[in-house]
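Just so it is clear, the model here is predicted, and its values are computed rather than measured. We name chains A, B, ... by the order of the sequence lines, and we start the count at 1 in each one.
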Amino acid sequence: MSALQAFLVGLVGIALALAATGRRGRRLAWRWSRWSVLGLACALTLVPFAYLACFAIKDPGIALSSLFLPPPGQWSGETINLGNFRTLFSSQPGHPPFWRYLLNSLFLASTSTVIQVVLCSASGWALAKHRFPGRNALMAFMLGSMAIPGMILLAPVYRLTFQLGWLDTWLPLLVPGAVSAFGVFLFRQACLAVPDELIEAARIDGAGELRVYLQIGMPLVRPMTGAFCLISFLGNWNSFLGPQIFISRQDLLTVPVALNQYMGVYSQQYGVFMAGTLLAIIPPAILFFALQREFISGLTSGAVKG
Amino acid sequence: MSAARRLTPLLLLSPYLVLTLVFFIVPLFDAAGLAFYQTNGPRSQAWVGLGNFLFVLGDPDFHQALKNTAIFTLSSLCIQLPLSLGLAMMLAEGKGRIVGWLRLILFSPNLVGQVFVGVMFSVLFMPRFGVVNVGLQALAGWGLEQRWLGDPALVMPAIVMASLWMYVGFNMVYFLAALQGVDKTLVEAARLDGAGPWQVFLHVVLPAIKPVTVFVVLTSTIGSFQLFELPFTLLQGNGPDNAGLTIVGYLYQTAFNAGDLGTGAAVGWILAFIIFIVGLVQIRLTRDRVSG
């Protein structure tokens, strides 16, 4: 029997033993099973991350001789080093060094995020707090447009990009997605909660309309802004299809497309693209830990209250 | 009302209105026309009428893509969502900071984009050395030498496993938020009336979380039907015998590898039609359950 099997049998055994000790025991057994299942689920979630991190820092020569890291007795510069990262950042024929992709991705994802937050919040504010003819029709159109799968637009937008002369530039990655119906809708929902009395008071004090939006509205929808920043950054950082079809110049490409190519370039050197993947998940992880409270509430607000 | 105040909403909305017109409405009409032309890249086009649709619907590759995508969608709905709901129910009974931490851990794979998950899992699924095969061998005494990404019969299970890792925690967050909103006194009352755990779940909890369930089922279905990047990177293409080809993969292949944007647009319309019908059926089914 393997250690893993023994461990699982042990977990079940304890639950059964507890259940056999009467009513209170049964309740304890249920609690024990519940936490066991949750613990196992977390372990299953974390194992791929651990495997990834270990693979990235192992010397390529011993990559397959141990599942995670070699036993602690063998730890040295020979077995655990940054060799994979060194290979990753070295220049390959036909490929710029990897940091170029990282910088491209960082620039594109942050720029898109800022543009999307500004434009979506402006439209959301207008839809929530201004009366104008056609507002309800516009809302209905927006909600309807969200139901149309984006893939239908792939071919015509590609042709449009070609006609505009935008192929092999960053414009098709920045401009068409600069305002999304989804983002406008999220901000509209958040802006509805801003009290009208506050807005009226500011107007009476002589504040202009743009100032009301920027100085009264924006501070009050800050949680949604945090959540949307993360949603938007994640979407742009992980985006693959856009860069893949619109850009063929290597020095303009982003991390996801580059890593997909690296799987072919470094076909057997798993450590190299595992190192690249590790670097690729660090920026979203940092942003997530900074914004996680806003994120979970923002993510579920549309669905739960909606 | 002053002119400035009347013009403000127009000013604030103008970026949305302009970009939606240029990059949504115009391409949507364009897609309707494009589907009836055969194109060679974006430059040339020739009228073929319904030819693109007839070609796609008769193409064995498309049948394979349709089958794969349907299997994937079904397994997302039948494996992933019950797991998400189950974990959410277990987590909802817990208290304190640990619940927040567990939720954070279970959600974390969703930060990793599909492409990066594909790259990671191509190594995790390695025969003999990968953590999946080693784990299965230790657990069940089977699977050490399985070639997940090379054996047509195992490709779909591999994709489903990778997507479970990615999305179980994501949907769990929705279920958890819904469960935390269920009225506790209602559950207590049902228990005092002698309802067992299963009856409480079926008649109290499930109706209370129904809006979120419908939302999660719909978004999972729409997302599953548009699966592409995960299998594309995991298999570095369509996999053996096209075992990992999806509808969007087929669209990508015809529109951008073969350069026929017209056929690509036709596939887009077929996909939108399928999603529309499936979504409609799901909404109808969930409605009937309430009235019945």
Side-chain angles (χ1 to χ4, degrees), chain A residues 2 4-5 34 37-38 41-42 45-48 51-52 55 64 67 119 122-123 125-126 130 132 145 148-149 151-160 162 176 178-179 184 209 213 234 237-238 240-241 245 256 259-260 263-264 270 273-274 277 280-281 284-285 288 292 296 299-300 303-304, chain B residues 4-5 8-9 12-13 15-16 19 23-24 27-28 30-31 34 42 87 90-91 93 102 104-106 108-109 111-116 119-120 122-124 129 131 134 138-139 165 169 173-174 177-178 181 212 215 222 226 228-229 233 236 248 251 255-256 261 264-265 268-269 271-272 275:
Chain A
S2 71
L4 189 62
Q5 284 170 328
R34 203 155 54 79
V37 171
L38 285 171
C42 284
T45 305
L46 293 176
V47 160
Y51 190 74
L52 170 75
F55 223 107
L64 299 179
L67 189 56
L119 297 184
S123 298
W125 175 257
H130 283 273
F132 54 90
S145 74
I148 294 175
M151 293 300 165
I152 202 172
L153 298 174
L154 212 54
V157 167
Y158 179 80
R159 190 160 77 162
L160 183 62
F162 169 78
V179 250
V184 176
E209 288 303 317
Y213 153 63
L234 278 180
W237 179 266
N238 293 330
F240 172 77
L241 202 49
I245 63 176
L259 268 179
N260 183 48
M263 283 179 70
Y270 305 112
F273 50 80
M274 291 299 255
T277 308
I281 61 182
F288 178 64
Q292 50 123 336
I296 301 275
L299 191 71
T300 48
V304 178
Chain B
R5 200 165 149 190
T8 312
L12 292 175
L13 277 165
Y16 172 74
L19 287 177
F23 293 103
F24 182 79
L28 201 59
D30 196 25
L34 198 57
L87 285 174
M90 291 185 182
L91 214 48
E93 282 193 33
L102 292 179
L104 201 66
I105 291 173
L106 291 170
S108 61
L111 298 176
V112 187
Q114 283 197 18
V115 171
F116 304 128
V119 176
M120 269 169 88
S122 72
V123 183
L124 280 147
F129 304 109
V131 76
V134 172
L139 189 70
W165 181 73
V173 169
Y174 284 101
V212 170
F215 173 84
I222 294 171
Q226 299 189 67
F228 167 59
E229 296 172 3
T233 41
Q236 285 294 292
V248 175
L251 193 163
F256 300 105
L261 295 175
W269 280 106
L271 176 63
I275 293 178

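For Ser122(B), the side-chain contact (heavy atoms from CB on, under 4.5 Å) test picks out Met263(A), Phe273(A), Leu149(B), Leu234(B), with sequence neighbours left out. Residues meeting the ring pair (Phe, Tyr, Trp, His ring centres under 6.0 Å) test with Tyr16(B), sequence neighbours left out: none.
When each of Ala285(A), Gly264(A), Ser123(A), Ala41(A) is checked for heavy-atom pairs under 4.5 Å with chain B, Ser123(A) comes out on top. Heavy-atom pairs under 4.5 Å with chain B peak, among Ser145(A), Pro284(A), Pro176(A), at Pro176(A). Chain B forms the most heavy-atom pairs under 4.5 Å with one residue out of Leu52(A), Val184(A), Ile245(A), Leu119(A), and that residue is Ile245(A). Considering only heavy-atom pairs separated by less than 4.5 Å from chain A, the leading option among Leu271(B), Val131(B), Thr8(B) is Val131(B). Most heavy-atom pairs under 4.5 Å with chain A, from the set Leu104(B), Leu28(B), Ile222(B): that is Leu104(B). Ranking Ile281(A), Leu160(A), Leu153(A) against chain B, the residue ahead of the rest is Leu153(A), based on heavy-atom pairs under 4.5 Å. Note on Thr277(A), Leu154(A), Leu38(A): by heavy-atom pairs under 4.5 Å with chain B, the leading option is Leu38(A). Counting heavy-atom pairs closer than 4.5 Å to chain A, the top-ranked of the candidates Ala138(B), Ser108(B), Pro109(B) is Ala138(B).
Among all heavy-atom pairs drawn from Leu12(B) and Ala122(A), the shortest one is CB-O, 3.6 Å. The heavy-atom pair separating Gln226(B) from Pro149(A) by the smallest distance is NE2-CB, 3.5 Å. Scanning both residues, Gly264(B) and Ala255(B), for their nearest heavy atoms gives CA-CB, 3.9 Å. The minimum heavy-atom distance between Ala265(B) and Ala155(A), with the atom names listed, is N-CB, 3.9 Å. Of all heavy-atom pairs between Leu111(B) and Asn238(A), the closest is O-ND2, 3.2 Å.
The contact between Thr233(B) and chain A is made by backbone and side chain atoms together, counting heavy-atom distances below 4.5 Å. With a 4.5 angstrom heavy-atom cutoff, Met151(A) touches chain B via backbone and side-chain atoms both. Using a 4.5 Å cut-off between heavy atoms, Phe132(A) contacts chain B through its side chain alone, with no backbone atom that close. With a threshold of 4.5 angstrom between heavy atoms, Leu241(A) approaches chain B through its backbone and through its side chain. Looking at Val248(B), the atoms closer than 4.5 Å to chain A (heavy atoms on both sides) all sit in the side chain, from C-beta outward. With a 4.5 Å cut-off on non-hydrogen atoms, Trp165(B) touches chain A through its side chain but not through its backbone. If you measure heavy-atom distances from Leu251(B) to chain A, the contacts under 4.5 Å come from the side chain alone. Of the two parts of Ile275(B), only the side chain, counted from C-beta on, holds a non-hydrogen atom closer than 4.5 Å to a non-hydrogen atom of chain A. Using a 4.5 Å cut-off between heavy atoms, Val123(B) contacts chain A through both its backbone and its side chain.
The structure places CG of Leu106(B) at 4.0 Å from SG of Cys42(A), a figure rounded to the nearest 0.5 Å.
Taking the ring centroids of Tyr158(A) and Phe162(A), they lie at or beyond the 6.0 Å cut-off.
In this pair, Phe215(B) and Tyr174(B) present their aromatic rings tilted. The plane angle is within the 30 to 60° band. By the 30° and 60° cut-offs, the orientation of the rings of Trp125(A) relative to Tyr213(A) is tilted.
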